[in-house]
Structures are given as C-alpha cells and as structure tokens.
Number of protein chains: 2
Amino acid sequence: MEIQPLVRELKVKNDSKIVLLVADGLGGLPLEPGGPTELEAAKTPNLDTLARIGTLGSSIPILPGITPGSGPGHLGLFGYDPLKYPIGRGALEATGVGFKVGPKDVAVRCNFVTLDSAGRITDRRAGRIPSEESGPLAIKLREIKIPGVEVFVEPVKEHRFCVIFRDLQAGTPGLGGNVADTDPQKTGVPPLDPAPHDAGSQKTAEVARQFVAQAQKLLKGQPKANGLTLRGFANAPALPSYEDVYGLKAAAIAVYPMCKGLAQLVGMELVGKPARLAEEIDVLEKAWNDYDFFFLHFKYTDSRGEDGNFAEKVKMIEQFDAIVPRVTALKPTVLAVTGDHSTPAKMKSHSWHAVPVLIAGQNVRTDACQSFGETECLKGGLGHFQAMYLMPLLLAHADRLGKFGA
Amino acid sequence: MEIQPLVRELKVKNDSKIVLLVADGLGGLPLEPGGPTELEAAKTPNLDTLARIGTLGSSIPILPGITPGSGPGHLGLFGYDPLKYPIGRGALEATGVGFKVGPKDVAVRCNFVTLDSAGRITDRRAGRIPSEESGPLAIKLREIKIPGVEVFVEPVKEHRFCVIFRDLQAGTPGLGGNVADTDPQKTGVPPLDPAPHDAGSQKTAEVARQFVAQAQKLLKGQPKANGLTLRGFANAPALPSYEDVYGLKAAAIAVYPMCKGLAQLVGMELVGKPARLAEEIDVLEKAWNDYDFFFLHFKYTDSRGEDGNFAEKVKMIEQFDAIVPRVTALKPTVLAVTGDHSTPAKMKSHSWHAVPVLIAGQNVRTDACQSFGETECLKGGLGHFQAMYLMPLLLAHADRLGKFGA
C-alpha cells in the first residue's frame with residue numbers, strides 16, 4: 001500500500017500550523033575532499049539553533065542516484081511519488097511559466113521554425129531567435145480564435161513557447177492529450193500533421209490543425225519564425241489535492257514560476273506577489289491566520305549553484321538563514337527546512353545527493369545534532385528517507401495523523 | 001518483490017535458537033529538547049552490555065510518520081507487512097481478548113443496547129453498563145445454540161462483547177465476513193437486519209439473525225442491556241504461519257491478550273500462563289528445548305507511557321533490563337530487543353517515532369554503540385529500517401537464510 005491513501009484515511013484536522021521552508025538546490029558538495037559544503041561553509045546561526053532543538057535527516061529526492069528536475073523534486077517534497085505522477089512535457093512547460101493547467105486543458109510545447117516557400121522546414125529552431133523577438137510573436141498568436149476552445153499562448157524562451165487549449169464545452173471529458181508531435185525531427189520536409197492516437201484526442205488534433213493554420217497566416221513574412229511545430233501534448237496530471245489528501249488549507253509563497261505552477265497543481269493557493277525573500281516573509285505574516293500549511297520557496301540557492309559560484313551560494317544560504325527568526329516568531333507548530341534537491345556549485349547542476357532536512361516543533365525527538373549541514377544530518381534522528389515521506393512526518397509532528405489499526 | 005516470499009524460498013533449518021524480547025511502546029521522547037528519553041534515562045547495565053557486543057538500529061513500525069496500533073505494530077515485528085494484512089475490526093476485537101480466530105470463523109463486535117417496548121433503540125451503549133454487569137450477560141449468551149455452527153461469546157468491557165461463529169460443516173468455505181453492521185447509528189429505530197454483501201456471507205447473515213433472535217429472548221426483562229447490535233463482521237486475516245514462512249517452531253510468551261491472539265494468528269504456540277515478567281522468564285527457561293524461536297512480550301513499558309508517567313516507564317524499563325541476564329544465560333544464538341512502536345510518556349499515546357533495536361549473537365557486525373538508547377541507535381550498524389525486515393535479519397544472523405542466486 002502506498003503512503004498517500006493511508007495518510008488520506010488517517011488525517012485529522014486541528015488548529016496546528018505547519019511551515020515548509022524550501023531553499024532550492026540546498027544540498028551541496030565540498031570543493032575539496034573533507035572541506036565544507038556550501039551549507040556547512042555558510043554562517044547559519046538561526047538554522048543551527050533550530051538544529052539543536054529539532055531533529056535532522058537526509059532526504060533522497062527520488063531514489064538513490066536519481067537527479068530530479070525541479071518538477072519531480074517539488075512533487076516529492078509535497079508528498080507525491082514523483083515516479084507515480086509523471087508530468088507530461090507540455091504540462092510541465094506550461095507549469096514552468098506559471099500557468100495553472102486545468103482539468104479540461106491540453107498543454108503543448110511549441111517551437112518557432114523557419115519554413116521555405118514550399119512549406120519545408122529549413123531551421124527547426126528558427127535560428128534560435130532571441131526572446132526579445134520571439135516573445136512578441138508568441139503574444140501575437142493570442143489573436144487566434146477557435147470555436148468552443150479557449151486558447152492561451154505563453155512565451156517561454158528563444159524559439160520556445162507553449163500553447164494551452166481549454167475545452168469550453170461543459171460536460172465533455174475535455175481535450176485528450178494523446179496527439180503525436182508535429183516536429184519531423186529533420187529539415188527539408190514540412191511539419192507533420194497532428195495525428196491523434198485515441199478517440200478522445202481527435203478533437204485536440206483538429207484544434208491543433210486550426211491553430212497551426214491560423215498561426216501560419218499571422219507569422220507570414222517573418223524572416224525566421226514563419227512556422228511552428230507542436231510537441232509534448234499533455235493533460236494536467238491528476239494530482240489529488242492537499243485538502244483531499246492531508247486536510248490542509250495550503251498557501252504557496254514563491255517567486256519562481258515553476259514552483260507557483262506546481263503548488264497550484266496540488267491545490268495550494270498562491271498567496272501574494274512577492275519579488276524578494278523579505279517580501280515572501282511579509283506575505284507569510286499577512287496570510288498567517290488564513291491557512292494551515294505554508295510552502296515558502298527560495299530560488300537563489302539553486303541559481304548560484306547552477307552558476308557554479310560556491311561563494312555566492314554560501315551568501316544566498318546566509319540570506320535564507322537571516323529570515324528564519326521572522327518565521328519562528330510566528331510560532332509554527334511544526335517548521336521544516338530543506339531543499340528539493342542538491343545543486344552543488346562544483347557540479348553546476350542539480351544532483352542526486354541527499355538533501356539536508358530539519359524538523360523543529362512539538363513532538364520532536366531531539367538528536368545529537370548541533371548545526372545544520374550535510375555531515376551533521378547523518379547523525380540525525382530522521383536518518384535517510386525518501387522526500388515523499390516528509391509530509392507524513394510533518395503531519396505526524398503536528399498531531400494531524402490518527403493511529404493505524406487498534 | 002516482497003521479502004516474505006523470498007525468505008520462504010531461502011529459509012534453512014538448523015538448531016539455532018532466536019529470542020525476540022519486545023518491550024511494548026519502548027521508544028520515547030525527551031521531556032525537554034536535548035534531554036534523555038525514558039530508555040536513555042533508565043539504568044540498563046545489561047542492555048548496555050548487549051549494545052556493546054551487538055549492533056543497534058532504528059525500526060520504523062509502518063512507514064515514516066505512521067503511528068501503529070498494537071496489532072499492526074506486532075505484525076510488523078513478526079515480519080508481516082502491516083499494510084498488506086489489515087485485520088478486520090471483529091477479528092481484532094476477538095484477538096484482543098485472546099481468542100484465536102480460525103479459518104472457518106467469522107468474528108463480530110457486539111454492543112449491548114437498550115430497546116423500548118416497540119424494539120426501538122433508546123441507548124446505543126446500554127447506559128455504558130459496567131463490566132461487572134455486562135460480563136455475566138455475555139456469558140449467559142453462550143447458551144445460544146445454532147445448528148451447524150459453534151458459537152463463542154466473549155465479554156470485552158462495559159457494553160462491548162464479541163461473538164465468533166464457527167462453521168462446523170467440513171469442506172465448506174466457511175462463513176463469509178461481508179455482512180453489514182446492524183447498528184443504525186441512531187436511536188428511535190430498531191437495530192438493522194444483518195444484510196449480506198456477497199453470496200458467501202448469506203449463511204453468516206442468517207446465523208447472525210438467529211443469534212440476535214435467541215439473544216433477545218435471553219436478555220428479555222434486563223433494565224439496560226435488553227438488546228444488541230452487531231458490527232465489524234470479519235474473517236481472520238489469512239496470515240502465512242511462522243513454520244511456513246520461516247521454518248520456525250515458535251513460542252509466544254505473553255500476558256497481554258492482544259499479543260497472545262496475534263501470536264497465535266501467525267502460528268506461534270502460546271506457552272505457559274505467566275502473570276508477571278519473572279514468570280514469563282520461568283516459562284522461557286522451561287520451554288527452551290522445545291522451540292526454535294521465542295517471542296517474549298512485556299506490556300508495562302507501554303502502559304506507563306500511555307499514563308504519561310515518565311518516571312514509572314523508566315522503572316519498567318529497568319525491570320525489563322533486570323531479567324536480561326536470565327535470558328542470556330540460556331545462550332540464544334541470536335537475541336533481539338526492541339519495541340512494537342514508541343509510546344512517549346510526553347505524548348501519553350503511541351507514536352510514529354523510530355524504535356530502538358538491538359541484535360546480539362553470532363555473525364553480528366559490532367558498531368560504535370556503547371549503550372541502548374534512541375540517540376545511540378542512530379550510530380548503529382542497522383540504520384533505519386522497516387520493522388518487517390527484523391525477522392529476515394534475525395534469521396540471517398542465525399544462519400537460517402540461504403544465498404539468493406548463485
């Protein structure tokens with residue numbers, strides 16, 4: 001039996017408040033063997049205090065050795081088995097620009113391409129057209145009208161944009177996501193016709209055809225981006241909601257579009273429009289009485305790790321540490337601090353390494369840990385565990401889970 | 001693949017003796033952050049000696065964050081996935097009073113109720129009639145005779161008792177457990193008719209009807225308990241036996257009825273009738289030559305935890321420690337000490353926290369642990385593991401598991 005159906009069955013409501021602080025890509029690596037990681041090098045007096053009164057552990061984002069993208073990394077932290085809930089490429093792309101893909105939507109990744117006069121592709125990426133040129137073109141495509149369907153077009157980056165088709169007819173099952181890519185994967189041939197793979201996707205294919213036809217007209221005469229291909233048709237993953245599984249009214253406080261989108265997919269409410277970390281805490285304080293659960297996301301630890309900038313990642317962690325007193329001042333019942341994965345500056349990329357976890361609050365069994373860091377976490381009371389078990393642990397500490405069996 | 005089919009396949013018989021000492025609810029919490037747990041506060045020289053020559057670890061009863069009842073907690077220790085073998089309410093109630101529910105039995109939880117002259121329920125719990133009054137009434141119901149069926153009636157507590165119907169006809173599949181509760185969940189209406197939900201439960205429903213009819217006659221004129229409702233019809237869980245899975249002739253030495261019942265459900269033999277811990281060791285010594293495996297259960301660590309009495313739980317742990325030399329004097333091949341779950345006095349209830357585990361005996365890889373306690377266990381060689389893996393570990397240490405693959 002999986003954990004989520006069990007948690008749904010055992011959940012109990014009460015007045016507790018749970019805060020999950022996520023520093024993206026928190027885990028790191030030492031630059032030299034035996035040296036400190038970014039988190040260990042950072043001065044984190046506030047997190048160290050929490051480490052002494054709380055309990056630590058190491059979170060495995062997916063499975064040992066598996067490096068997650070931001071989507072699966074956060075899904076795990078939210079308590080959903082990332083291997084059970086794959087998010088289709090189109091839905092992930094739309095989510096990544098902060099678009100909340102609904103149950104009657106199909107999302108599609110699109111490429112601008114260059115076509116010759118006979119309609120054959122000469123460049124599958126439209127010369128990697130810069131975002132400043134492609135963005136306005138994507139927005140121009142918002143003029144497209146298709147009967148019975150609402151069309152959303154969202155710029156992404158360079159030659160990439162995404163389209164979401166929403167079925168406006170009530171009572172129908174919506175638009176199926178089982179349509180083949182129109183990218184022929186080579187030049188010298190025209191884009192393929194969008195071919196449906198099942199009956200429920202026939203209407204989607206027809207809608208896609210109309211979209212392409214109207215788009216070609218709107219793009220006519222463009223020197224680079226005068227055509228398009230469609231890829232990764234996908235419906236939203238059918239994720240049970242936080243309210244349904246955990247009985248939690250949950251708020252998401254984030255700056256990064258992908259996180260905003262994912263949090264909404266699991267039924268969190270996006271609160272406020274913060275642009276900086278301090279503003280995220282302002283939002284947290286204001287929303288304090290209105291929610292049971294708060295997911296607060298800090299992006300820049302990951303960004304500096306991706307840059308390969310150890311010293312700047314250390315600084316970001318210190319900024320993150322500095323806001324902790326404002327969170328503890330709210331007296332959450334349970335406070336957890338972790339990351340969605342590791343992003344060691346040394347690797348300039350996400351990695352599979354276990355992520356430090358800290359839980360403070362009621363019912364915590366303290367351990368011998370004196371500071372918050374990867375090596376110290378190895379002495380922690382939580383041991384190594386898969387990220388998807390963090391939510392049950394937080395609920396348990398908040399007295400929100402009943403007993404299994406008598 | 002699950003572990004049990006693998007263990008069944010790899011099991012080897014030999015002359016080794018395995019002892020599993022279970023102190024119920026052993027795990028605890030510090031009263032103050034950084035303070036000792038009950039086990040850490042207790043003086044346990046004998047367990048500490050075992051910790052030095054053995055190996056320690058932390059057992060997760062079910063999954064992270066999930067608090068088990070006594071039933072699932074023990075099933076895990078016995079090596080059965082508690083999520084795969086849920087025990088129906090009726091079977092659990094019968095087991096809880098020490099009744100061994102057999103393969104041709106259906107067990108039912110019953111309430112005495114108060115009926116008015118028209119047969120309508122006026123009190124669903126018969127005024128919470130005290131056990132001294134309800135016990136004899138339950139025993140009076142043993143007079144009920146139903147053709148082809150043996151009827152067992154067991155008092156439980158106050159208005160609660162349980163009934164087990166055993167099919168006496170050879171060759172039939174027995175009585176199905178899929179019958180609806182007769183408790184209408186409200187007063188002012190009569191109890192419901194026992195309705196079968198499948199063909200295999202039609203005879204059960206008919207038997208239940210006859211039982212109710214005869215019971216009403218026997219209870220006629222009672223001021224409070226003149227009627228009854230039936231709930232939680234359940235067959236015994238189909239648990240493979242210790243002999244079958246492990247090749248072990250197993251003895252259970254326990255005082256607590258629930259443990260006695262559960263141990264019998266997995267095919268252990270209940271040995272002796274001890275009333276105190278010292279008597280349990282007497283039984284162990286006497287039975288030493290007759291079994292391969294001994295499950296010895298000590299209840300009062302849990303009881304004092306449930307009472308919220310830290311100091312008394314410490315004392316119970318010290319009593320438990322004091323009997324250890326009598327066990328080691330028997331020179332078991334492998335000796336394990338653990339609990340079925342944590343029962344922190346601070347929480348006055350079962351909890352999800354990991355449970356200390358100690359394994360001593362042959363083939364043990366010793367670790368750096370110097371005493372038996374929750375924090376020390378975090379340094380242990382066994383790490384964190386699900387309780388259901390303890391049995392394979394014990395068999396392995398006893399050379400009772402062959403190699404998997406060549």
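Residue numbering restarts at 1 for every chain, and letters A, B, ... go by the order of the sequence lines.
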Legend entry - For chain B, the option from Thr55(A), Val364(A), Leu382(A), Asp399(A) that forms the most heavy-atom pairs under 4.5 Å: Leu382(A)
Inset, instruction - Say whether Arg365(A) and Ser351(B), considering side chains only, have a donor N or O and an acceptor N or O under 3.5 Å apart. - result: no
Legend entry - Side chain, backbone, both or neither of His353(B) within contact of chain A (heavy atoms, under 4.5 Å): both
Legend entry - Rounded distance (nearest 0.5 Å) linking atom CH2 of Trp352(B) with atom CG of Leu395(A): 10.0 Å
Legend entry - Within 6.0 angstrom of Tyr300(B) OH, more than 12 heavy atoms from elsewhere: no
Inset, instruction - Check each atom of Ser342(B) against the heavy atoms of chain A and say whether the ones under 4.5 Å are side chain, backbone, both or neither. - result: side chain
Inset, instruction - Select, from Ile53(A), Asp367(A), Asn363(A), the one with the greatest count of heavy-atom pairs under 4.5 Å involving chain B. - result: Asn363(A)
Legend entry - Residues forming a ring pair (Phe, Tyr, Trp, His ring centres under 6.0 Å) with Phe310(B), sequence neighbours excluded: none
Inset, instruction - Enumerate by number any residue of residues 59-83 of chain A whose heavy atoms lie under 4.5 Å from heavy atoms of chain B; in the absence of such residues, state 'none'. - result: none
Inset, instruction - List for me each residue that meets ring pair (Phe, Tyr, Trp, His ring centres under 6.0 Å) alongside Tyr242(A), sequence neighbours excluded, and say none if there are none. - result: Tyr246(A), Phe293(A)
Legend entry - Interface residues of residues 368-380 of chain A facing chain B - heavy atom cut-off under 4.5 Å: Ala368(A), Lys379(A), Gly380(A)
Inset, instruction - Supply the atom-to-atom distance Met347(B) CE to Gln362(A) CD, rounded to the nearest 0.5 angstrom. - result: 7.5 Å
